[in-house]
Each structure stands twice: as structure tokens, then as C-alpha cells.
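These notes are about the structure you will find just below.
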Amino acid sequence: DQPGSTDGTLKVGMVFDVGGKGDKSFNDSAYRGLLHAADQFGVEHTEFEPGQDADRETGLRKLAQARYDVVIGVGFLFSDAMRKVAADYPDVKFACIDFDPRPGETLPDNLAGLRFREEEGSFLVGVIAGFFSETGRIGFIGGMDIPLIHKFEAGYIAGAKYANPAVSVTVAYTGTTPQAFADPAKGKELALLQYRRGVDVIYHAAGSTGNGVIEAAREVDRQAIGVDSNQNYMAPGNVLTSMVKRVDNAVLMTVRSVVEGNFHGGLREFGLADDGVGYAVDEYNEDLLTDEMLAFVEDARQAIIEGTVSVPKE
Amino acid sequence: MFELAVLDSALRMATPLILASLGGLFSERSGVVNIALEGILLTGAFASIVATYYTGNPWAGVFAGVFAGVLISLIHAIVSIVFKADQIVSGVAINLLAMGLTQFLTWIVWGSSANSPSVQGMAHWSLPEIWGPVARGVNVVISHYPPLVYVALILVAVSHVVLFRTPFGLRLRATGEHPEAVDTLGVSVHAMRFAGVLLSGAFAGLGGAFLALNTHQFVKNMSAGRGFIALAAMIFGKWSPGGALAACLLFGYAEAVQMGFQGQAVPTQFVQMIPYVLTMVALVGVIGRARPPAAIGKPY
Amino acid sequence: MSERHAVQMRGITKRYPRALANDRVDLDVEVGEVHAIVGENGAGKSTIMKVLYGLTPPDEGSISLWGKELSGHRPADAIREGVGMVHQHFMLVDTLTVAENVVLGAEPCSHGCLLDVAAARERVRQLSSEYGLSLDPDDLIENLSVGLEQRVEIVKVLYRGAKILILDEPTGVLTPQEVRELFVILRALREAGRTIIFITHKLEEVLELADRITVMRDGRVAGVVSAAATTKEELARMMVGRDVLLRVTREEARPGEPVLQVAGLSAIGRKGSHVLEGIDLEVRSGEILGVAGVQGNGQTELVEVITGLRRASAGSVTVCGRETTNRSPRQMRDLGVAHIPEDRQARGLVLGFTVAENLILGRHHRKPFSSRGLLSLDDIRTHAERLIEEHDLRPRDPDGDAGHLSGGNQQKLIVAREFDGGPALLVASQPTRGVDIGAIEFVHTSLLRMRDQGAAILLISAELTEIMTLSDSIAVMYGGKIVAQFEGGAVGEEELGVAMTGGAGASAGGSAVRSDGRPPRHEMGAR
Amino acid sequence: MSRFARLSQLLSPLVAVAASFLVGGLVVVAIGENPFHIYAILFRGAFGSVDAIGLVLFNAVPLIFTGLAVAFAFRAGLFNIGGEGQLYIGAFVCTLAGLAFGGLPALVLIPLLILASAAGGALWAAVPGFLKARFGVHEVINTIMMNFIAVGLTSYFVINMLREPGQMTPQTSEIAFAGHLPRLADSLSLIGIPLPQANPLNFSLVLALGAVLLAWYILYRTTLGYEIRAVGMNAKAAEYAGINVRRTLVMAMVLSGAFAGLVATNEIMGFRHRFLDNFSSGLGFMGIAVALLGKNTPLGVLLAALLFAVLNTGALEIDIFTDVPRELILVLQAVTIILVVVGNEVFARRVAAREGRAAGVPLPVTEASGETK
Ligand SMILES: Nc1ncnc2c1ncn2[C@@H]1O[C@H](COP(=O)(O)OP(=O)(O)OP(=O)(O)O)[C@@H](O)[C@H]1O
Ligand SMILES: Nc1ncnc2c1ncn2[C@@H]1O[C@H](COP(=O)(O)OP(=O)(O)OP(=O)(O)O)[C@@H](O)[C@H]1O
Ligand SMILES: [Mg+2]
Ligand SMILES: [Mg+2]
């Protein structure tokens, strides 16, 4: 029997990252996972977005005190709070997306740190961008200028050079505050500027700021690459592909493991090998991607999985 | 530095600032401090997206943005003019209100308190190509920017004329300088100040509509401090439409340059400080003391 | 309602939070007369006029103009009925031009909605020449002298076709010449059939100009008299409710050592021109040196330089034998220089402070009020209670807000503070401006007593009578220079007046005088 | 002041708060929820347990500091919108010192870090203060600009130079343990108050209460406070009185910034023990609202900060356990401010009207001389 569940239904709490529900990107991916879980296992769930940093810890604690069975924090900013709260509530299962471990840290049995090799997925969309670009100039627009986003940038650049060593990459960041993940107006301007300078593909890793990037692509009829969720539908024909980070799968998997009683703590990394990251092909972009291109990308993917190509993180 | 793309970008970035600072100008010229520009921008942005979402017509969004700006500035007017409360307090409260209300309503309308779905944007102006080479020539000019950019520029000129060449403008300026004098001449100070504050709501609301419609969606806090920058621009521009325009263009330009020249040797954070440092240096070095309307902030 | 009455007010009552400003006031003004209203500070004169003009709604009472009763009227209605008002504190917008100020609220238009600036200019020129006002429609108000500002106010009223002119203390800030010119204008207006109501504290003026006089006291009408049938003494008694000394008696001065020596003093104004040029003065202990002059001829700047509020560009100031040029205000105060500033609300008082806090202003950092950075509340209070007692400040509440005192009591507060502690030098600038005759009497007696106790006093006043009554010697300033010096008692009002306008014998035209011959507006302590 | 005046001064904020709850309740009804349920949850979140009350106090502490900062500057006639930047720099300097002086004993390190926090904030505020005093540049613009600059600067150093080794999170390593302010749980349990160990409330609360007293003391009991108030109310009179207006302006900004900087005692020394990039999310701006609501008096700031903390703490509860989003609380806070200022005005007018009537009692008739005509 699960602790705390009075009528036997599992209670899952989810706490979002900056940008919040509806960002069509990172948070939405996590939320989709939660909804799937609710569908499949009939769990009861609540979710919210903390107002200030201290609320992260307080919020997790409140969920634990309210006898939630699983508490999921979306984003690495929850790492510290998760450590503390997990230690205080050994009966509650915690999962942290993008958990940021200290070197050599081992996690308690009730805390799962779920990490993604974003650089690998970014590498593949970089390959596509490098392959696709006619001008030989591609762009990257990051949200907040922080190490996590540098991973996306590094993988993307490496992938592009892998496809076309002569390609040049223009890099820009929206800002240095969390607001940088939620400023589509600025995202659009940054993108327009890059397009005007001859860039023809831009990969964004900028939350809802990226909506502006995609909007710019639509407006000037160039290409954008979405991130985290599959964003191809947002401007059919102008979103070359999306680097999908399967946060939804990770969430679903976590809930399933609790339901099935085989949840265990510790770090877990999702990469290309286990479909934790990837690129999206669907009806909105299949016309943009040639078979030759796809074959090339698939080769790259295999090479990464087999370890013959190594992807930089910084 | 003077790359055309950067200049274009500067003008577009400056547009919401221009509109908001014109708004601030009308309010402050009538003697009412308007620190609520930030909140009005946000409200205008939200309303424009809601209206566009339901009607599918971005011009309905523009109208709604203006209307919502007027509505929320009406609160400022009533609180600070009728009830003579501290204008800064009222402005701070309105910023808070706008932040809460737009998120709350975003949640009611779309189920997320942070983001709206994408809506129809505003088409650039253009004459039909079949009108021949003349139309093509005109289009080079009028379809280069989103329509509201042109509207904003025209409004700068209109504001100048209204302020300095009409009886209304004369009365408005006099009200900001010496409300008692205006009162003794049989002109209602309250009416002038209401006009100033509501106009500021209309302008800043329009600025918000531009901000949101240009990105086709509403995102919480999307004004992102632009109201404050607009306020700075208005002071920088010494409370005149031309000056405010110049200041907004400068800020827009600094921001565009910052965007355009990132990723080179200097860290992003430092590049992003350029507009702020520039403003401070300019205020000390070039501009010196700006002289606000004499009766500003004083209830009457 | 009588035909011959331009104004009839009945039973007007107006209450303010802390005062009953008008208490069942009746006022009748006949068509075509000059009607004066006199009374002490706070008697309710301004209030009754504001009620008439529709600026302040009365709590009770009725108002009729031309026999027609008004109710709930606003200034716009009063203007329409032909009432115009020149306010005690001028209602001019500094940053606008003369023409803009005149047409404000009743602007001529062209092209439908644009301001017709040319028409505005033309009207001002026309009115100005009709009554000999010599105004330039394009001048900015901030560049005008007070006398000219007043003319702008008059043109504003005339532009609106006023048939009843209200002037609230119009002569308080004018030179004798300007007063005479104003009277000429007012007489011309009366000849032209207009009705004039004017408020003043100066009884000579009343008797000279008015046909009838309403005397107010404590918010009530104390009486209505005809100018022909009354005297100054009677008016004063009605105003104050007792006999008043209209002239203080003055002993011969017994001057001692020089306390203030000013040599070759110059100062530069905001626009780079000399506002002071080569001033030489000496004031000895036990002596009053009066400085006469039209406002704006450097008196303000002279006082500011002497008290450390403005920098001198050349020359020296010596106090008690010590060179003190360009010392800070605090250093000057610590040397025993006291200062009654010309603008009590702008400089002399902190209006949000209590009476007690205001009574230590300038000495708040010294013992006993402050030691080791901490305030000594007991000593501050004792000090306040003593001064309130000695100077009869009302209300007798050290914790009351100084902003709630009447003008006269505010001035008394400053006088009390600056007289206290036996200063070596007292710089008194316009010490009785706008205060009533009772308070004037008090200030004048106090100044003389201080002199007799050995203080040196530099008295700056635009009020010639004041200068002549109190001074042991007199200097006249014009265009930033001392243009004449006289022994007290050895000079007549006429002679002084001539020197003040830079005429006869005075070396006219300092560089501070603008090319159009008007003195520059004084610049407030921009350092 | 009459009893009526005093009473209404006390009552007007209470009435306003009640009225804003009414408005909020109507909004809740409008979206089809039960307002009593929502408010019950709000108050459970704020007062439901010792833990909850501890959280309220914890959330109040930074607001007290930033509120005092705004209120203090206001007294000198300065509008300090820069609390946000000042608290970042205060926190940054505090963290630097906490990292650098790890060898010192707590008895030395704690006071040192408190000073460092205040000094950082003071330094950041001194710049706009100086620019105002020296060049007359409006402090509102400069404080806004310096907020952006502070965020950028700290962000750069934290991410690029001081980041905890091996960590992706943009935060520094933990400061020396000797520099941690103890949590209050242990001390309170000594006097029988069962505050859970995990509650973040710490000794910074004591500092905040001390700061309230200090601000009051400086303003009303020291010569400097007298000069600050004089400059704020009438700078020309202050100059006339021999007060060095420029120096006083800078001093007021310095003290104001110091109060803002002290936020670090709670956030860094008491709670997080490290600098997290962008940790504040608008505490400085909230301080403006707090100061204004508290009418710029130290005691008022304390009460307003508590009110806001109650609402913020309850907001989290509402957010988690109901379908109503926390933004309702933002609306509530805004409406409270508006109603308080409007209420002040309305009450002031009623008081005026009442006292006017009191003044209107007929005076004893003085012998008014008749007409001499
Ligand atoms: N706006 C106001 N608010 C409160 N009290 C006022 C106001 N205006 C005038 N009073 C009070 O009303 C009384 C009459 O003031 P009023 O200005 O009419 O006097 P006055 O006769 O014009 O004096 P003075 O000769 O100094 O100009 C005074 O006691 C004053 O304190
Ligand atoms: N809004 C107000 N609230 C309270 N008291 C006021 C207000 N306005 C004016 N007063 C009071 O009214 C009194 C008279 O005001 P007024 O401006 O007529 O001064 P005054 O005595 O006529 O001096 P002056 O001749 O220099 O104008 C003062 O005591 C002033 O404190
Ligand atoms: Mg008067
Ligand atoms: Mg008066």
C-alpha cells in the first residue's frame, strides 16, 4: 500500500520551472507526461509554479506534508531544495528533472535525478541545420546565459560543423535573468537580426522567448528549430525540426515505477540511446527534410550512440 | 554599428517605448506622475491578444489594447486626481494590479497563468502590386515595418502639435506647471488631468498592443521593464515628444547593438548593460538637469 | 436687489479645518466704485474674494452679481459674469509667454483647432498700449519683474472683459513708483466704468484710492466706512480692535565696532552675468543699515553671499574682523550671523516640521539641542516653550505643524528663532512682507531693541517706509550695485525712489540690467 | 490630533484590507469557486501552524528591509527604486566575504558579514545618491538603471567566476559555516514554541526588528535624522539652516541602500548560504509597495511587510491546493494598496470636515464697530 493515499489513488505533485505551464516547450513537455500518467494510472495530481526561490523548498515540503506520494520538480533549480526535502521525508518519492549533482554525490533512495544529454539532441539538430543551410550561416538563440543552455549551444555547433565544417554559427542570448526565458518580443528581434545578416536556420533554447524566434522565421520565411517539445506545428514549413527532450517520458516513467513499486533513487541520464532526446519529424516538416539528410543524421546518431563521435558539453 | 538591420531592429524595439513615453508625457505634462506605464503596457498587451484571439482580427486587438489602457489608467486618474492620493503609490499599485490581473485572466482564458496561445499577427501595410510601379515604390516605404511603427512615428508629430500648437496643449502644460492658475481661469484642473492620464493610458495601451501583436502572443510580464525605460526616456527627452522619441531611439539602438554584437569577446552580461550605463553617462554628461513640470506629483 | 450694486454678498460663512475664515460676512460693492477691503492677516479677506470668484464654495450665504443671484458658481461662471481677479500670489505659468498666459482658457483659434498665436499677441499688444502697460507678448514670465507680472495679471483680466476687478494685495511687492503707476492704471479703469475691489494692508493707499472701505477682523466685517470720512488711526483700530502705534519711536544709534564689512563683492548669476558688482558696505554694532531697492536688483544675491548661500566671484566678506568669504551657511551661523530670509515658506521654515523643530533650525546641530549626533528632545521643547511664551506665538503648541500657522505667526516664529541667542549680525530680508500691522509693530520694535543691545543689522526691504523708519543709514541698490548711500533721516521718499530706479546721480546701468532696461529676475540660490 | 482622527488613521488600513478581501472574494465567486474555502486555505497557509507562522515571518524579513530602504530614502525626498539592485550587491558582497574569510570564528564572521551586506547595498545606493547630489540627475532613472546593472554584474561573476565547482546551477559554493545565522527553531523550542527544524526562519528576523527600531531612532532622535527630514521636506530651508544638502542626500541614500543590502542576512546568511543568480524575484520592488502602504514610517513598514508576507505565504497554499492561481493574491495586494490610499483620503476629509465644524463654533462676539458712514 502506498503511504498517504487514503483511497488508494496515487497523488502526484508537480512544480514547474520559470516560464511555467503553457510555454509550449520545456514545462509543457513535463506537464504532458503528467497528463499521460493521469490517463494511464488514474493518479490524482496538482501542479503549480513557485513565485520566488524560497517557495521551491517550501512548496515541495508542503506537498510532502500533504502526503503526496510523488513530487516532481521541473528544472535544475530544484536540485538544492530536493536534496533537503527528500532527506526530511523518506516516505515520499521525489524526482527532479535536470537534477544538478555535486561531484561524486550519491542520491538517497527516494530521490531520482533525471538528466538529459541535451547536447546529443542538439548535435543532431545541428547536423540538420548544417546540412540544410544554403548560406553557410546558422544561428543559435539561448534564453538565460547559463551553463545549462551552453550545453545546447555546444552540441548544436559541434553537429553543424560535423555536417559542414565551413558553417559559421552566430550565437546570441536573450538575457541574464529568468525573464530571458519569457521575452518573445526580444526573441523575435534577435532572430530577425540574425536572418537579416544571412543566417537561414536558427536553433533556440529559450523557452517561450523561442516563440518569438519561430514567429520571426514565419515572418521572413526562413527556418527555426524548436526545443524541448515538438514545436514543428507552430509555423508549418518554417520550423525545420525540433530538438525534443522527452521530459514527458521521464515523468511518465517515474510515475509508472512508483505505481509498479520499482521506483529507486539515484541519477539517471537519458540520451539518444534510450530516446531521451531526439529530433522531431512529422507532417509539418517532412517536406523540408530530404532522405539524404535524414540518412546522414541517422548515421550521426548511430555514431554518437556507439561512441565513435563524442559530443562536447561546453 | 550602423548596419541597416540593426537600425531596423532599433526602431522596432523603440516603438513600444515611444508609445509608452508619449503616454507618460501627456500624464506628466498635466501634473500627474505616471509610474504605472509598465502596468498599462502589460494590460494593453494582454487585452490586444484576448481580443485578437476571439475575433481573429489584430486591429480589434489594437483597439482593445488602447481601450484597456484607458480603463486601467482610469483607476490611476480616480485614485490620484479625485481622491488626491499619492500618485506614485497609485502607480505602484497599478503595476502590481496589472501584473496580477493579466496573469489571473490569462489563467481564466487559457488555463495557464504564463502564456497565451499564438494569435493572428498584424499584416504589414502594402498597396496591391497590380497598381504598378508606384505601388511597388510606396510599398518599399510602408511595408518595411509593422504598421504600428508608422503609427507611433506619426503620433510623435501629432503629440508635438497637440501639446504646443493647440489650446488643449496649452491648458495641459499650464495645468502641470501651475494648476491654480488654470483653475482661476475657469478651466477644470481635474478635467485636464483626467485627459492627460487617460491619454497616457491610450498611448501606453497601444504600445502594449504592439508588443504583444508583434510577437503574436501574450506572455506574463512581457513588458519586462519597458515601462520604466519609457519613463526614463521621457525624462531623458525632457518631457517633449521629440526628445522622448530621440531617447527611445537611443535606447532601442543600444539594445539592438547589444543584440547584434553579442557573442564576441565581451560577455553577454556586460554587453547587455550598455544601454543602462549609456543612459547614466548621458544623464550626467550631456543632458544635465532636466526640469520637470513644476506641479508634478502634487494633487490638486 | 439694488441696481447700483455690482456685488452683494450676504451671510457668507466659510470654515476651514482649523479656522473659521469667514463668519456671516456681508459685502456690498457699488457699480463703478473702488472698494477696499482691509484687515489683519488671516482676517478672511482673501477668502471672501475667492468665494466671490467661485474658487472656494462657501458653506453658507448668498452671492449676487448685478442683482442676479448665483449659486454654486465656478470661476468660469464668474468670468462670464464679468468678474476678474488678480490674486495675492500671482497665477502665472512661469514657463509660458505673456501672450500664452493671457489667453489661457479663452484661446483664439485658427484652422479649427490650432492656437492662433498671432491673434493672441495682437490682443496683448493692443490692451497693453491702451492702458500704457508696455508688455512684450513674447516674453517668458520667468524673465519678468514682479511689477510686470502684475501687469500681465491685469491684462489677463481685461482680456476677458472683466467689469469687476478684484486685486488681492496688489501693492505688497511694488516700488513706490510702480504703486503710483498702478494707481494711474486703476483710476483709468474706474474712469472706463469698471468696478474695482482691492485688498491691502497699507492704509495710506486705501485712503488715497478707495471710495469705500470694508474692514474685516477675525473672519467678520468689523465695519464699512467711506474713505472720505475716516482716518488711518480709526481704520487701524477697527482692524486690530485696539490702538496701534503706526510709527515706532527710535533712539539715536550708538554704533560701535564694525561687524560686517563687505568689500568689492561680486557674484555671477546663472546666465553668466554679474548679479552683484563691486559692492562695498559696512555695518557696525548697534546700527541698522537699510538697503533699499526694487526687487531683483541684487538684494537677494547680496544676502545670499553674505550668509554663505551663494558663492562670491570676487571681493570679500568680513564678519567681526574675520574674513568669511565663501564660508558655508553653517560656518556663518556659527560665527553669529542670523538671517531672516525674504521668502519664509520657501527658505525660512520646514512646513512639515513642528513649531519646536522649526525653532531650532540652523542651531539644531549645536548644544544644547544636539550632542554627539543625538537630539536632546527635552532641551528642544524647553526652548520652544520659552520662545513661544516670549514672542506670543499662536497657537501655543510646540508640537503643532508649522504649516498650520498663519502667515504672521510663521514670520514671528522665524523672528523669534533668529533673534534668540544674541547674534552679532542680523541679516533681515523683507522682515514684514505681507504681515499685518500688529505684527509689523512687533517686528520693528524687536529690531530696534536688538540694535540697542548692540547687534549689527542689515535690513533689506522693498518697503520704503520701513527702511526710512528703522535705518541709521541707507544704501540703494540698482543693477547689482550700490548706487547711492544716505544718512538715515537725511533723505526723502522721493529721492530714494529716484535712486532706486537708477535715475538722477545714481550711476545707472550695471551689467545686470537687461538690454531692455528691466532688471533681471532674481535667481534663487543656485549654487 | 483628535481621538476621531487617531481612530480613523488606525481604522482606515483595516477597513481597506477588509474591503480588498471582499473584492477578492467577489472575483473568486465570479470564477465559480467558494471564497470562504479559498480564504480558509489562505489563512491556513499563513496561520495554520507554528510552521506557517514561521514562514510568514521568514517571508516578512526581506520585505521589512526593502520597505525600510524605500521609506528611509523617501524621508529625504528621494525615491529609491533601486532596492532590487542594492540587495543583490549586498548579497554578493556578503557572499564574497563569507567565502573569503572562512577561517574566522562565528563571533567575528557574523558581524563582518552583516556589515558587508549593508556596505554592499550602501555602496550601490551611494552612486545614484552622489549623481543626484553632484549633478542633479534624477535618482529614479539611475536607480532603475543600476538595478539592471547589478543583476548583470552579479550574474556574470556568479556564473563565470564563482560558480560552485562541478555545478550547472548558477550559484556559488556555500559560505563558511561560521557565517551562517542560526535558525530560530532551536531557540524557540527552548521557550516552548515548537517551530519545526526545517523552518527557514532565522536570526535575521531579530536584525529586521532591530532595523525598524534603528530607522526610527535615526530619523527622530539623531541630528542626522533631523537633517534628512529637513532636506526631504524643504531642501532650500535646509540649505538656509546650514545643512549640507548634498551630503545629506548621499547619506540618506547610503543608509537606504544599507537597509536593502541587509536582505542578505536573511537570504544568504540565514537561508540559502550561497548566492543564487537571480534569487530575489522582485523583493526590492515589493519594498516600494510595502513602504508606501506603511506610509513611509518604520512601524508602518513593519506592519505592511507582515501583511504582504501573510498574503504571499497564503498564496503558495492557494496555488498548491486549489484551482485558483496565486495571481489572485497579487490582485488582492494591489487592491489593498489602492483602497488604503483612497481610504486615507476619505478619512482625512471626514476628519477635516469634523474639525472644521468644531472650528465653526461661533466665536465670542467682539465689539464690531458700526458703520461710520
Ligand atoms: N486653504 C485653506 N485651508 C485652511 N485654512 C485656510 C485656507 N485658506 C485660508 N485659511 C484660513 O482662513 C483664514 C482666513 O484666511 P485668508 O487668507 O482669507 O486671510 P487674509 O485676510 O487674506 O489674510 P492675509 O492678509 O494674510 O492675506 C485664516 O485663518 C487661514 O488660516
Ligand atoms: N491646505 C491647508 N491646510 C491647512 N492650513 C492651510 C492650508 N492652506 C493654507 N493654510 C493656512 O492658511 C493660513 C493662511 O494662508 P495664507 O496663504 O492666506 O497665508 P497668509 O496669512 O495670508 O500669509 P501671506 O500673506 O504670506 O499669504 C496659514 O496659516 C496656512 O497655514
Ligand atoms: Mg490674503
Ligand atoms: Mg494671505
Side-chain angles (χ1 to χ4, degrees), chain A residues 13-16 18 20-21 46-66 68 71 75-81 84-85 87-89 98-105 115 118 144-151 173 175-181 313-314, chain D residues 45 49 51-52 54-55 58-59 61-62 84 147-148 151-156 158-160 163-171 173-174 196-200 266-267 270-274 276-283 286 312-313 315-323 325-327 329-330:
Chain A
M14 177 173 276
V15 198
F16 289 116
V18 179
K21 196 157 88 176
T46 187
E47 63 282 330
F48 70 95
E49 194 192 330
Q52 49 182 16
D53 174 60
D55 281 356
R56 295 202 171 94
E57 183 179 329
T58 314
L60 295 178
R61 248 176 232 292
K62 289 201 178 230
L63 288 173
Q65 281 164 5
Y68 273 75
V71 177
F76 65 91
L77 283 174
F78 287 94
S79 307
D80 264 355
K84 289 185 197 157
V85 181
D88 288 348
Y89 297 91
D98 286 349
F99 186 82
D100 188 15
R102 302 230 148 77
E105 180 177 16
R115 293 163 55 80
E118 294 91 353
M144 196 174 164
D145 194 352
I146 45 170
L148 173 69
I149 306 301
H150 297 167
K151 267 166 80 178
Y173 281 86
T176 51
T177 65
Q179 183 73 43
F181 286 118
K313 295 187 182 204
E314 274 188 70
Chain D
S49 62
D51 194 20
L55 280 175
F58 171 75
N59 284 330
V61 168
E84 189 77 357
N147 283 339
F148 291 113
V151 171
L153 270 184
T154 54
S155 171
Y156 173 77
V158 169
I159 291 172
N160 299 318
R163 186 147 42 102
E164 188 178 10
Q167 280 277 283
M168 182 166 68
T169 313
Q171 62 184 18
S173 305
E174 196 162 291
Q197 286 293 329
N199 193 288
N266 192 53
E267 303 289 315
F271 173 59
R272 204 169 284 107
H273 304 142
R274 54 175 93 241
L276 169 69
D277 190 20
N278 273 293
F279 67 85
S280 156
S281 57
L283 291 172
M286 260 321 181
N312 287 340
T313 311
L316 183 64
E317 198 88 355
I318 290 183
D319 214 11
I320 300 178
F321 297 110
T322 75
D323 282 340
R326 65 170 337 100
E327 284 71 32
I329 299 304
L330 269 182

With sequence neighbours excluded, tell me which residues meet side chain to side chain contact (heavy atoms under 4.5 Å, CB included) with A:E105.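 A:E105 satisfies side chain to side chain contact (heavy atoms under 4.5 Å, CB included) with A:R83, A:F99, A:P101, A:R102, A:L107 only.
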D:R163 side-chain N/O to D:Q167 backbone N/O, donor-acceptor pair under 3.5 Å: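 Such a contact is found between D:R163 side chain and D:Q167 backbone.
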Taking [X] first and then [Y], would you say they form a salt bridge - that is, a charged N and a carboxylate O separated by under 4.0 Å?
X	Y	result
A:D88	A:R61	yes
A:D55	D:R326	yes
A:D80	A:R56	no

Which bit of [X] is near chain A, if near means a heavy-atom gap under 4.5 Å: side chain, backbone, both or neither?
X	result
D:P165	backbone
D:D51	side chain
D:T169	both
D:Y156	neither
D:E164	side chain
D:N199	neither
D:N59	side chain
D:I320	both

Using non-hydrogen atoms and a 4.5 Å limit, figure out which bit of [X] sits close to chain D: side chain, backbone, both or neither.
X	value
A:T58	both
A:E47	backbone
A:E49	backbone

Which residues satisfy the side chain to side chain donor-acceptor pair (under 3.5 Å) test with D:Q197, sequence neighbours excluded?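 Once residues adjacent in sequence are excluded, the partners of D:Q197 under the side chain to side chain donor-acceptor pair (under 3.5 Å) criterion are D:D186.
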Both conditions, 6.0 Å and 45 degrees, for the charged tip of A:K84 above the ring of D:F271: are they met here?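 So A:K84 does make the cation-pi contact.
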Spacing of OG1 belonging to D:T322 relative to CD belonging to D:E317, to within rounding of 0.5 Å: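 One gets 9.5 Å once the value is rounded to the nearest 0.5 Å.
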